[in-house]
Amino acid sequence: MVAQIGYPLVVKPDSQGSSLGVTIVRTPAELPAALRCCFEYDSFGVVEQYISGSEWTIGLLDDRVLPAIRIETPRGFFDYQAKYEDDATEYRFDSDWSSDELLRLEDAARDACRALGTSGLVRVDVMTDHQRLPYVLEVNTIPGLTDHSLVPKAAARVGLPFGELCEQMIGHCLAGRVA
């Protein structure tokens, strides 16, 4: 399977969050250590093609798409330290991307959620390649709601304060709209 994917590739635990246990593997010699790291966090792992480009996250509240956030870090990738400890990580709403390119990101996120049948509050993580084509990394059906979390930042960007976001989430649950 690794030969079909080629290098570089990504090894990550199947059900872990916050990029714990994730390794970018650039050579075959790095693969055994990456697998050991992965299996410290989960008994199942995922091996996938590495996409070099921009990282984005898009929140959705049912079909309502929140503004896309571009994640920039001086680290090799958006790992645990970049997410929670590194003040150099930046989250950008402003972008030099065209409205059509941003719409392509939103469509990829919405299509992923529809394909999985999600509802309620969801966060979709996307990488774009050098041609700015989106690749969905994962769909988070229980996105974070801390002071570091990105969905509340995106909601606030469109005038949806944290308390109201929580009320809408609860309303969706009470209406029986959560899968």
Side-chain angles (χ1 to χ4, degrees), residues 5 9-22 38 41-51 53-73 77-80 82-84 89 91-93 95 97 99-129 132-179:
I5 296 171
L9 53 85
V10 178
V11 175
K12 62 185 181 182
D14 182 48
S15 62
Q16 187 61 42
S18 298
S19 298
L20 293 170
V22 176
C38 170
Y41 292 94
D42 197 336
S43 57
F44 294 96
V46 176
V47 177
E48 61 189 15
Q49 177 186 6
Y50 173 72
I51 306 297
S54 299
E55 186 159 359
W56 297 80
T57 194
I58 300 109
L60 288 91
L61 186 56
D62 285 328
D63 267 348
R64 180 180 180 186
V65 179
L66 300 173
I69 300 174
R70 184 174 176 171
I71 301 162
E72 295 181 358
T73 177
F77 69 100
F78 191 46
D79 63 3
Y80 183 89
K83 290 177 182 181
Y84 302 109
T89 300
Y91 306 102
R92 300 188 176 273
F93 290 100
S95 173
W97 289 39
S99 57
D100 285 344
E101 290 170 326
L102 292 173
L103 183 60
R104 199 173 350 182
L105 286 173
E106 293 173 1
D107 287 346
R110 186 182 294 111
D111 289 348
C113 290
R114 286 182 179 155
L116 295 172
T118 65
S119 63
L121 188 66
V122 177
R123 190 189 80 237
V124 181
D125 297 333
V126 176
M127 287 294 293
T128 57
D129 65 13
R132 297 187 172 182
L133 297 175
Y135 293 80
V136 173
L137 297 177
E138 60 189 17
V139 176
N140 297 280
T141 56
I142 306 176
L145 293 173
T146 70
D147 60 349
H148 284 85
S149 300
L150 300 179
V151 172
K153 292 178 194 288
R157 180 77 175 195
V158 292
L160 185 61
F162 185 72
E164 191 175 325
L165 175 65
C166 291
E167 285 180 20
Q168 287 190 22
M169 290 170 47
I170 291 167
H172 288 281
C173 290
L174 293 175
R177 294 171 23 189
V178 173

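In this chain, numbering begins with 1 at the start of the sequence shown. Note that the coordinates shown come from a computational prediction; the quantities given were computed from them, not determined experimentally.
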Step by step, would you call Asp79 with Thr73 a side chain to side chain contact (heavy atoms under 4.5 Å, CB included)?
-> CA-CA 9 Å; Asp79 63 3; Thr73 177; 5.8 Å; no

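- Residue Leu133 holds its CG atom at 9.5 Å from CD of Glu101, rounded to the nearest 0.5 Å.
- Here the side chains of Val22 and Val10 are in contact, with some heavy-atom distance below 4.5 Å.
- Residues Gly120 and Asp62 come closest through the heavy atom pair N-OD1, 2.7 Å.
- Thr89 places no side-chain N or O within 3.5 Å of a backbone atom of Phe78 that could act as its donor or acceptor partner.
- Closest non-hydrogen pair, Pro67 versus Val158, comes out as CG-CG1, 3.4 Å.
- Annotation for Asp63 and Arg110: closest pair O-NE, 3.8 Å, computed over non-hydrogen atoms.
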Begin with the C-alpha distance, continue with both residues' side-chain angles, and end with the deciding distance and a verdict on side chain to side chain contact (heavy atoms under 4.5 Å, CB included) for Phe77 and Tyr50.
-> CA-CA 11 Å; Phe77 69 100; Tyr50 173 72; 5.7 Å; no

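- Proximity of Thr118 to Leu60: side-chain heavy atoms (C-beta onward) are nowhere separated by under 4.5 Å.
- In this structure, the separation between CH2 on Trp97 and CZ on Arg92 is 14.0 Å, given to the nearest 0.5 Å.
- Here the side chains of Leu61 and His172 are in contact, with some heavy-atom distance below 4.5 Å.
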Residue pair Phe93, Ile69: steps toward the side chain to side chain contact (heavy atoms under 4.5 Å, CB included) verdict = CA-CA 5 Å; Phe93 290 100; Ile69 300 174; 3.3 Å; yes

Given Leu160 and Gln168, is the side chain to side chain contact (heavy atoms under 4.5 Å, CB included) satisfied, shown in steps?
-> CA-CA 10 Å; Leu160 185 61; Gln168 287 190 22; 3.5 Å; yes

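- By the 4.0 Å N-to-carboxylate-O rule, Lys12 lies too far from Asp42 to be salt-bridged with it.
- Contact record, Ala82 with Tyr91: O-OH, 3.9 Å, taken as the closest heavy-atom pair.
- Salt-bridge annotation for Asp107 and Arg104: absent, with no side-chain N of the basic residue lying under 4.0 Å from a carboxylate O of the acidic one.
- Residues Phe44 and Cys38 come closest through the heavy atom pair O-SG, 4.4 Å.
- Nearest heavy atoms, Leu121 versus Met169: CD2-SD, 3.3 Å.
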Indicate every side-chain donor-acceptor pair of residues 135-146 with a distance under 3.5 Å to a residue at least two apart or in another chain.
residue	atom	partner	partner atom	Å
Tyr135	OH	Asp129	OD2	3.4
Asn140	ND2	Arg123	O	3.3
Asn140	ND2	Asp125	OD2	3.1
Thr146	OG1	His148	N	3.1
Thr146	OG1	Ser149	N	3.4
Thr146	OG1	Ser149	OG	3.0

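- Expressed to the nearest 0.5 Å, how far CG of Leu105 lies from CG of Asp100 amounts to 11.5 Å.
- No side-chain heavy atom of Pro134 sits under 4.5 Å from any side-chain heavy atom of Trp56.
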